[in-house]
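For reference, the structure discussed in these notes is given below.
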Number of protein chains: 2
Amino acid sequence: MGHMAATIKDIARLAGVSPSTVSRVLSNQVEFYSEKTAKKVKKAATKLGYRRNVGAVELVTRKSNVIAVIVSSVQTNFSDQIIQGIQDEAAKKSLSVIIIYAGGSDAELQRRAIETVIERAVRAILLVAIDLNPQNDDLLTTANIPYLFLSMRFSDRPFPFITSDDFQIGYQGTQYLINKGHRQIGLAATDLESLIGQMRVAGYRKAMSENQLPIDPHWIDDGEFTYEDGARAMRSYAKMAVTAAVASSDLAAIGMLNQAADLKIKVPSDFAIVSVDGTNLCSIVRPKLTSVTQSFYQMGATGLQTLLSPRLKQFKSSYTPIQIDERQSS
Amino acid sequence: MGHMAATIKDIARLAGVSPSTVSRVLSNQVEFYSEKTAKKVKKAATKLGYRRNVGAVELVTRKSNVIAVIVSSVQTNFSDQIIQGIQDEAAKKSLSVIIIYAGGSDAELQRRAIETVIERAVRAILLVAIDLNPQNDDLLTTANIPYLFLSMRFSDRPFPFITSDDFQIGYQGTQYLINKGHRQIGLAATDLESLIGQMRVAGYRKAMSENQLPIDPHWIDDGEFTYEDGARAMRSYAKMAVTAAVASSDLAAIGMLNQAADLKIKVPSDFAIVSVDGTNLCSIVRPKLTSVTQSFYQMGATGLQTLLSPRLKQFKSSYTPIQIDERQSS
DNA sequence: CTGTTAGCGCCTTCAC
DNA sequence: GTGAAGGCGCTAACAG
């Protein structure tokens with residue numbers, strides 16, 4: 001109790017064999033030891049409460065079995081699903097996954113998170129909803145560790161990513177509302193600075209113009225995917241001739257919902273809402289939110305797979321499917 | 001680009017000094033080098049894009065700067081707050097924190113998570129809402145790494161913990177409803193097998209008996225803190241003469257809320273609900289949920305502090321404060 | 001099948 | 001101030 005941790009040397013001594021032999025049986029190199037010594041070694045190991053020192057192993061083998069997932073600490077309630085996908089995929093390949101929080105878009109916190117994982121020489125890095133600050137580009141690209149962005153993409157830099165097609169999100173969400181008979185439709189709480197936002201706007205415009213519907217610029221509402229932005233958007237729409245909107249996130253949609261209620265605007269009869277994301281938040285509010293649902297789990301699972309693929313070099317960034325889940329808000 | 005990562009040897013060669021010197025300037029042992037060589041070394045380091053190999057450092061120094069947080073993958077939406085508390089505290093001491101998901105109470109997944117962190121010889125382990133399977137006790141206790149449970153405690157084992165006082169949660173939640181004039185009060189979706197549940201029941205009973213209120217055993221509702229359990233509890237209460245209840249979690253409370261609406265039971269006029277946890281879910285539903293709010297952030301922050309304290313040995317498990325936040329459901 | 005040797009990248013005495 | 005030597009715990013040839 002309470003001494004230093006036992007090493008293979010200790011085991012070797014106790015079992016009366018060499019350290020290499022211990023190493024061989026403990027790492028299960030079945031071809032290279034007899035059952036008899038194996039038994040001795042294993043007994044000694046359990047007796048000493050031996051625990052392998054992974055750091056030492058990684059140092060000498062020069063490879064790691066850990067997958068690092070860097071997630072934005074911003075309130076993104078979908079990252080759980082992505083992580084679950086990564087986790088399940090990792091388990092199949094007996095890799096361990098560690099999760100690191102990076103601050104929102106604070107460059108310094110991002111840098112620390114990235115440094116933490118590359119200094120440990122992890123096997124691969126998944127960045128979930130991380131809007132990488134350009135001054136950290138080098139850090140990531142020169143580390144010589146495979147990396148992949150999930151639920152994020154950049155217009156100005158060629159980083160590999162897997163995400164949903166945000167054009168389609170905008171397009172299909174809008175088209176859905178048009179099919180429901182709406183003609184004055186808003187796009188709410190969407191970050192117009194970001195590529196994500198711009199793509200969604202483009203999809204929105206396309207759907208509207210395909211249906212010969214004019215757009216009032218005020219219908220396109222700038223914001224940051226938050227609850228409060230949703231509420232604000234609703235207040236703004238209340239003064240316009242808008243009968244429906246695509247919200248930028250589940251939280252934003254809930255903000256709209258609650259604000260609508262406060263304004264005595266009935267959803268969906270007076271105003272229809274389509275949310276984007278489709279997390280379980282959609283089902284715990286009333287009315288339940290119709291959503292453009294993203295395949296977050298698949299994003300995570302596919303993400304890890306491609307990162308582990310031997311021909312990662314040829315990987316083209318890709319999209320995971322989206323679908324409309326009709327519930328009660330439309 | 002794309003070679004092996006540079007080592008201090010490479011830097012030494014390039015700068016024309018010995019590896020020891022490089023090590024000294026890079027680890028800032030200011031007493032032990034001249035400004036002149038420092039400059040050379042640093043230049044060479046940045047030129048080669050040097051990144052310290054933390055694994056090697058930890059191996060030789062035999063200590064680590066990483067704090068491991070093991071969280072239950074069960075839908076516990078409060079763990080974010082705990083982690084944030086840990087994170088902020090860790091940042092002050094320039095420690096890095098890694099998060100590992102353990103499965104619900106699946107012993108095997110738990111074991112893997114714990115193994116992962118102890119084989120890396122992390123500095124300390126925080127277990128968040130982990131109901132440790134007894135067969136993993138040894139793993140944790142013999143690892144010789146300081147550990148602490150957060151938002152969890154055990155009756156049968158003396159593991160150190162920081163959590164809320166669940167007796168008080170039951171007591172104060174119930175007392176609050178009594179003060180509001182209720183006399184038939186339920187305790188919903190609470191896991192009666194768990195210590196947490198038992199303490200809450202005890203608090204509930206105390207409050208009732210102090211006010212001379214009889215308890216119908218059916219009012220104490222077994223469940224697992226989930227949304228569905230909350231909904232089920234509400235269905236059950238609808239058939240009884242109960243006018244209010246303390247729910248076991250925010251999610252359970254929302255389940256009650258929605259089920260009540262489906263049953264045309266008005267909250268709070270027909271039925272009052274007090275939730276337990278007080279996460280931001282309480283504020284995004286309508287009516288907003290009154291809650292017994294736990295100090296999760298503080299749990300995390302204090303947790304890490306005590307784990308790092310030199311006199312951890314004398315640490316007595318402790319409680320973080322709770323408070324009633326009155327909103328609209330009561 | 002097993003032991004010996006060498007070394008992963010780094011830090012830390014110990015000399016100078 | 002600086003370099004040489006040794007070793008953290010482990011694995012991977014290389015001989016037997």
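Chain letters run A, B, ... following the sequence lines, proteins first and then strands; every chain starts at 1.
- For the 3.5 Å distance criterion, the side chains of B/Thr320 and B/Gln298 fail to qualify, holding no donor opposite an acceptor.
- Of the residues in residues 33-51 of chain B, those with a non-hydrogen atom less than 4.0 angstrom from any atom of DNA chain D are B/Tyr33, B/Ser34, B/Thr37.
- Atom CG of residue A/Asn77 and atom CG of residue B/Asp80 lie 9.5 Å apart, to the nearest 0.5 angstrom.
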List every contact pair, protein side and nucleotides 13-15 of chain D side both N or O, where the distance is under 3.5 Å.
from   : atom 1 : to      : atom 2 : distance (Å)
D/dA13 : N6     : A/Arg24 : NH1    : 3.4

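- Panel note: side chain A/Ser64, backbone A/Val66; a donor-acceptor pair is recorded below 3.5 Å.
- Here D/dG9 is the nucleotide among D/dG9, D/dG3, D/dT11 with the atom lying nearest to any side-chain atom of B/Arg62.
- Look at CZ on A/Arg13: it is 15 Å from C1' on D/dC10, rounded to the nearest Å.
- Along DNA chain C, read 5' to 3', the first and last nucleotides having any atom under 4.0 Å from a heavy atom of chain B are C/dC8 to C/dT13.
- Applying the salt bridge (charged side-chain N to carboxylate O under 4.0 Å, His left out) test to A/Lys92 and every residue at least two apart in sequence or in another chain returns A/Glu89.
- In this structure, a donor-acceptor pair under 3.5 Å is absent between the side chains of A/Gln110 and A/Asp106.
- Around CZ of A/Arg311, the count of heavy atoms belonging to other residues, nucleotides or ligands within 6.0 Å does not exceed 12.
- For A/Asn53, whose side chain is taken as the heavy atoms from C-beta onward, the closest listed nucleotide among D/dG9, D/dG3, D/dG7 is D/dG9.
- Look at NZ on B/Lys9: it is 12 Å from P on D/dA4, rounded to the nearest Å.
- Mapping B/Ala56 and B/Ser18 onto DNA chain D by nearest heavy atom places B/Ser18 at the nucleotide closer to the 5' end.
- B/Asn53 places none of its side-chain heavy atoms less than 4.5 Å from the side chain of A/Glu119.
- When the shell of 6.0 Å around NZ of A/Lys93 is examined, it contains more than 12 heavy atoms from other residues, nucleotides or ligands.
- Residue B/Gln29 is classed as a sugar-phosphate contact, given heavy-atom separations below 4.0 Å to backbone atoms only.
- How far CD of B/Glu115 is from CD1 of B/Ile100: 12.5 Å, rounded to the nearest 0.5 Å.
- Between A/Asp10 atom CG and D/dC10 atom P the separation is 9 Å, expressed in whole Å.
- In terms of the side chain to side chain contact (heavy atoms under 4.5 Å, CB included) criterion, residue partners of A/Gln29 (sequence neighbours excluded) are, by chain and number, A/Arg24, A/Ser27, A/Phe32.
- Bending across the helix from C/dC1-D/dG16 to C/dC16-D/dG1, expressed as the angle between its end axes from five pairs apiece, amounts to 40° (10° rounding).
- Note: A/Phe161 and A/Phe154 fail the aromatic proximity criterion, with ring centroids not under 6.0 Å apart.
- In this structure, A/Ile11 places its CD1 atom 12 Å from P of D/dG9, rounding to the nearest Å.
- Between atom CD1 of residue B/Ile118 and atom CD1 of residue B/Ile114 there is a gap of 7.5 Å, rounded to the nearest 0.5 Å.
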Steps toward side chain to side chain donor-acceptor pair (under 3.5 Å) verdict (B/Ser23, B/Ser20): CA-CA 5 Å; B/Ser23 170; B/Ser20 339; over 6 Å; no
